[in-house]
Amino acid sequence: MTDILRIVIAPLVWLAAFTTVYALHGLVCGHAIGGMPFGTISVPRLLLVSAYALAICAQIILLISLYARRFATQSEFVRFVSRATGWTALVATVWTLLPTVTMSHCL
Amino acid sequence: MKALERHREFSRIWASAPGFKGLFSTVNHTDLGRMFLVTAFFFFIVGGILAMLIRAQLATPHSAFAEPDLYNQIFTMHGTIMMFLFAIPTFEGLAVYLLPKLLGTRDLAFPRLTAYGYWCYVFGGGMLLFSMLFGIAPDSGWFMYPPLTGAISSPGINTDFWLIGITFVEISAIAAAVEITVSILKFRAPGMSLARMPIFAWYALVTALMILTGFPPLILGSILLEVERAFGLPFFQAEFGGDSLLWQHLFWLFGHPEVYIIFLPAAGVISTVLPVMCRTTLLGYGWIVAAAVALAFLSFGLWVHHMFTTGIPHMGLAFFSAASTLVAVPTGVQIFAWIGTMWKGRPDLRLPMLHILGFFVTFVIGGLTGVMVAVVPFDWQAHDTAFVTAHLHYVLFGGFVFPILAGLYYWLPHFTGRQRFFYLGEAAFALIFTGFHVTFLAMHWVGLLGQRRRISTYMPEDGWTTINLISSIGGFILAIGIAMVLIEVILHMLTSRRSPRNPWSAGTLEWAMIIPPAPYNFASLPHVTSREPFTDDPELAVRLASGEGYLGRPNDLRETLTVEITSGKPDYHVIYPTNTHLPIIMAAVTGTFFLSLLLKAYWCIPIAVIGVAALAWRWVWVLGRKQDLPVQDIGHGIELPNASTVEHSPGWWGSLFLLVANATFFGSLLFGFAFLWTVAPGWPPPAWFDASAVELALGTTGAMVGAAAIRRARRANALRQPPLAWLGLCFAGTLTVAIAAAAITLRVPAPVEHAYAATLLVLGSYALFHASLGMLMVAFLVSRTALGFTSAARKTEFPVVQLWIDYLGVIAILVFLVVHLTGWLS
Amino acid sequence: MLVGCDGALSIVDPAGPAARSIALLWWVMLVGGVLIFGLVMVLIALSFRKRAACEDDAGSARLWIVKLGIAFPVTVLLALLAYGLVIGEQLLPRESGETVIVRAEARQWAWNFSYDDLPGRTTQDVLHIPAGRPVDISITSTDVIHSFWVPRLAGKLDAIPGHVNTLRIEADRPGTYQGLSAEFSGSGYDRFTFQVIAHDETGWQAFLTGETE
Ligand code: HEM
Ligand SMILES: [Cu+2]
Ligand SMILES: [Cu+2]
């Protein structure tokens with residue numbers, strides 16, 4: 001079972017981060033935290049971008065653990081697949097949450 | 001013992017009751033797989049006839065063939081039948097039939113559950129068919145958006161048929177998914193590690209896990225909508241703090257994964273059949289497994305692309321647009337791995353290969369148009385037009401029907417033991433392929449010219465006449481092709497040319513047996529050392545038949561063994577239940593429950609619930625034994641403990657995955673609550689819950705006491721001390737939870753007045769239901785212990801109950817916190 | 001007739017800036033899609049050539065999976081995604097002094113339009129707008145979900161009870177444009193259509209002073 005978990009953990013964390021950021025964005029827009037500025041960038045933007053950064057960090061840590069000796073698995077096959085899904089999840093995080101940086105948020 | 005003698009002996013042990021009547025009591029996966037497939041194919045024909053009616057109606061402008069009211073039922077039923085009664089059950093049937101054979105074992109993990117799932121499917125599907133025959137079928141489109149489906153706009157029973165019938169059918173999907181997951185993880189031939197699993201099993205595993213997490217949001221949505229319709233709890237009504245968008249989120253949270261639930265098994269068929277057609281092995285096995293897993297996860301992050309036009313802010317849409325384009329990458333990995341496989345081998349244009357080519361052409365186009373509609377601005381134009389209809393059929397027909405036809409022709413000799421005799425299939429393929437593209441290719445264009453989906457007619461001046469006429473002609477060509485397939489299959493079953501044993505020279509285990517298969521599959525279980533055991537050892541079939549593998553000695557029991565998940569080392573020994581009518585009776589009583597809801601005969605509901613509980617009790621009870629079983633010799637000097645003496649029995653694994661589905665359901669409920677709170681208009685509610693610290697403390701303590709007590713009971717049993725006192729304490733704790741949950745349901749403010757109170761009522765009921773279930777389980781364990789069915793060795797029921805009590809503890813505490821905190825926060 | 005682009009409801013016959021940029025997007029995607037489809041088909045066809053079987057699995061995996069299966073789609077998709085999102089941003093109804101504001105309220109099966117510049121005036125199933133100026137439509141519904149769609153001018157946006165969504169449309173030239181409700185809404189759905197009349201400057205002034213019926 002741990003080997004199955006190893007394969008799914010990184011994508012699972014992506015899914016959690018993805019829905020959390022989407023929910024955060026809904027919350028921000030639903031409650032019009034909108035205008036408040038914080039220095040040069042607005043609070044919502046700051047929140048969303050920090051969440052994005054956090055999600056990327058989490059994925060990098062996961063990926064490092066998947067390569068780490070300490071958590072190694074017996075099965076070479078599982079090692080390969082879990083690293084592939086780990087990379088996928090990292091790319092997915094960078095890719096799918098990039099709009100936090102580039103898009104206008106509540107229009 | 002001679003091979004023939006062994007065959008007779010095993011057949012006697014494993015056979016279903018003879019004749020037609022045997023179908024009602026069979027629990028054999030080969031029988032049930034065939035029954036699933038035949039029934040699903042029947043529904044495909046029904047859905048296809050409806051499709052022909054749609055095309056007849058749209059062939060000409062000003063069509064007077066069907067009035068909108070009838071036409072709306074036709075297209076709704078077409079979509080519903082194809083998605084829920086054809087595609088998903090076809091996967092279930094194929095998996096049920098094939099998996100034990102591919103995995104080198106004798107049956108699935110829970111034979112009676114397979115049968116129960118099948119009968120739920122038949123009865124639920126029957127309800128929908130009934131509604132159609134009497135002209136009261138659902139008529140709001142297959143995604144059933146409220147408020148159109150609410151009690152005000154759709155007062156008739158039509159909508160209830162959908163909500164209740166489909167939920168019933170989904171029980172069968174969940175049952176099959178639990179079954180398939182546990183079977184793949186545990187029920188394999190010794191030596192079959194994860195890395196040696198046939199690729200179809202990987203796809204089936206991923207698909208089953210997706211069903212477990214994809215279907216609960218829809219089940220939740222259907223329950224909420226039905227409750228709104230029946231009792232006026234306003235979950236989807238904006239005036240009362242509900243929101244129709246909640247339905248769309250719940251529906252598509254299911255609906256998008258659904259598309260991949262349909263595609264992945266078909267991809268599994270391609271990955272299995274294509275290499276055989278090319279006389280080679282699959283290129284990039286590990287990559288493909290990773291791609292399937294990635295696809296599964298990504299597909300849960302796409303749902304909002306069906307809601308691009310609902311006014312969600314652009315950044316929100318952008319997340320989903322990004323995810324929707326990204327999902328094309330793992331799909332691309334698979335497509336190119338398959339093409340690479342073709343380059344690696346020497347493709348042969350035999351019939352399954354033709355359908356695979358049909359798949360390539362069609363699915364690639366569908367994928368490309370899919371990427372197009374994933375681009376937000378284009379979807380603003382294309383959404384709800386015929387362009388989308390065309391796209392979805394390229395994906396579903398290309399990505400499911402062609403692969404399934406390839407699989408049908410590939411495994412037909414296996415199903416029947418016969419060889420193809422009349423070569424209708426090639427002509428049928430030509431008709432289907434041409435017909436399909438004539439029907440749907442130009443439909444993209446008519447969508448761009450502004451033809452909406454779901455209209456029952458149009459005007460000559462719209463300028464769509466030519467394309468629609470061509471499309472309808474294509475539809476009928478396609479129908480003739482499908483009819484020819486049907487005729488060929490029937491002829492095939494009547495003619496008598498026996499097939500050689502491994503007609504395609506495949507390497508997987510399902511061919512290492514006599515065909516049509518004997519009810520026990522393998523007279524002895526193989527020891528697997530590679531992904532293609534039959535290629536490595538062409539004599540394998542004979543050697544297994546003569547008992548050279550494991551468990552080759554018949555001893556009057558239906559036996560198999562399980563393996564450790566990763567390594568495939570033998571783990572424990574399993575004895576299956578035999579033929580029984582329990583599944584069909586249980587399904588009928590479950591059906592009574594749903595029928596009472598449908599007919600609003602609420603007095604009957606408690607009776608049905610008690611009936612289900614009693615049958616469930618009996619279901620589990622009959623598995624017990626009063627003596628300890630010794631370790632079992634499975635041959636080759638290996639001895640295994642029996643399943644009744646292990647920590648994690650199949651029942652434990654089944655519970656675990658059922659709880660995964662259950663947790664998704666609960667999570668969706670919490671999501672719904674948060675969504676209404678933050679997004680829905682009409683908040684704050686007129687009245688808040690009157691929070692009570694006493695109830696909160698009582699309920700939480702009860703949950704913790706229950707969880708602690710069941711652990712002590714388990715420990716006591718292991719130490720040969722009587723566990724009854726601890727079980728009693730566990731019962732008391734669970735009862736306290738039930739009382740605290742009941743208090744919520746009784747004390748919420750008027751639930752018909754606001755979605756807030758309505759949601760609290762559902763949360764309280766959810767906790768109450770699980771507490772009652774927990775009490776029932778503890779009571780069961782008490783009876784078992786009192787009557788001597790458990791012992792320090794026969795301990796396996798304790799961990800199962802513990803799992804459920806723990807789950808109850810977690811959700812109950814969450815419910816209490818959410819409910820009481822919202823009361824205080826206000 | 002089969003392949004003509006024009007039509008009163010055709011999105012490939014745009015008559016306003018939003019529809020035009022989406023139509024361009026479509027043509028770009030069509031060309032790209034046809035090229036990719038062609039590539040895949042050629043690769044499949046070539047696999048049928050007679051040739052020595054190649055058994056270098058690791059090499060093939062690198063070529064087929066890493067290069068063609070991952071690198072190629074990632075590049076294409078990233079470009080397309082960026083293009084789509086940029087267009088999407090441009091089409092948003094941002095604040096600007098010039099926009100005309102109209103409220104559209106749908107019910108089964110009629111649209112009521114009211115005008116901020118002309119309080120008290122509502123029109124049913126006919127929407128009046130000035131040509132050449134951005135118009136923001138605030139869309140809502142009183143019963144079930146509908147959708148506001150004028151294919152030649154812009155994409156569609158849903159009318160949802162309890163929510164107000166804003167869509168920007170603009171017509172290049174004066175004229176009459178066909179509109180549709182594009183979310184299934186029951187038995188009257190087929191005929192649930194409306195018209196948009198775009199006026200020139202004098203026509204719009206006449207409408208605002210109440211001279212147009
Ligand atoms: C046998 C050939 C088929 C034909 C000729 C056909 C034809 C059609 C047509 C014309 C529509 C559009 C009605 C409209 O909205 O204007 C439609 C809708 C649909 N079809 Fe099919 N179809 C076929 C097979 C399938 C299959 C195999 C599936 C799924 C596995 C499927 C799933 C759907 C769904 C989900 C809808 C949408 C229904 C709705 O709008 O509520 N169809 N079909
Ligand atoms: Cu989707
Ligand atoms: Cu859609």
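The chains referred to below are lettered A, B, ... by the order of the sequence lines, with proteins before strands, and numbering in each begins at 1. Please read these numbers as outputs of a predicted model, since none were measured by experiment.
Residues Trp464(B) and Leu9(C) have side chains in contact (heavy-atom distance under 4.5 Å, counting atoms from C-beta outward).
Of the two parts of Ile11(C), the backbone and the side chain both hold a non-hydrogen atom closer than 4.5 Å to a non-hydrogen atom of chain B. In this structure, chain B has a heavy atom under 4.5 Å from the side chain of Met41(C), while its backbone stays farther away. When heavy atoms are compared at a cutoff of 4.5 Å, Gln108(C) approaches chain B solely by way of its side chain, counted from C-beta outward. With a 4.5 angstrom heavy-atom cutoff, Val164(C) does not touch chain B via any of its atoms. Ser187(C) touches chain B through backbone and side chain together, each having a heavy atom under 4.5 Å away.
Nearest heavy-atom pair, Asp190(C) versus Ile455(B), reported as atom, atom and distance to 0.1 Å: OD1-CA, 3.3 Å. In this structure, Ser244(B) and Ile145(C) approach most closely via the heavy-atom pair OG-CD1, 3.9 Å. Considering every non-hydrogen atom in both Thr310(B) and Asn165(C), the closest pair reads O-ND2, 3.1 Å. Nearest heavy-atom pair, Gly450(B) versus Leu180(C), reported as atom, atom and distance to 0.1 Å: O-CD1, 3.7 Å.
For an aromatic pair to be called close, the ring centres must be under 6.0 Å apart, and Trp64(C) with Trp343(B) satisfies this. Between Phe184(C) and Phe75(B), the gap from one ring centroid to the other is short of 6.0 Å.
In this structure a side-chain-to-backbone donor-acceptor pair under 3.5 Å is present from Arg452(B) to Ser181(C).
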With a 3.5 Å cut-off and sequence neighbours excluded, list the donor-acceptor pairs that the side chains of residues 15-27 of chain C form with protein atoms.
residue, atom, partner, partner atom, Å
Arg20(C), NH1, Asp172(C), OD2, 2.6
Ser21(C), OG, Ala18(C), O, 3.1

Anything under 3.5 Å between a donor and an acceptor, one on a side chain of residues 148-158 of chain C, the other on a protein residue two or more places apart or in another chain? List them.
residue, atom, partner, partner atom, Å
Trp149(C), NE1, Gln381(B), OE1, 2.7
Trp149(C), NE1, Ala154(C), O, 3.4
Arg152(C), NE, Asp13(C), O, 2.8
Lys156(C), NZ, Trp380(B), O, 3.1
Lys156(C), NZ, Gln381(B), O, 2.6
Lys156(C), NZ, His383(B), O, 2.6
Asp158(C), OD1, Thr309(B), OG1, 3.1
Asp158(C), OD1, Ser147(C), OG, 2.9
Asp158(C), OD2, Thr309(B), OG1, 3.2

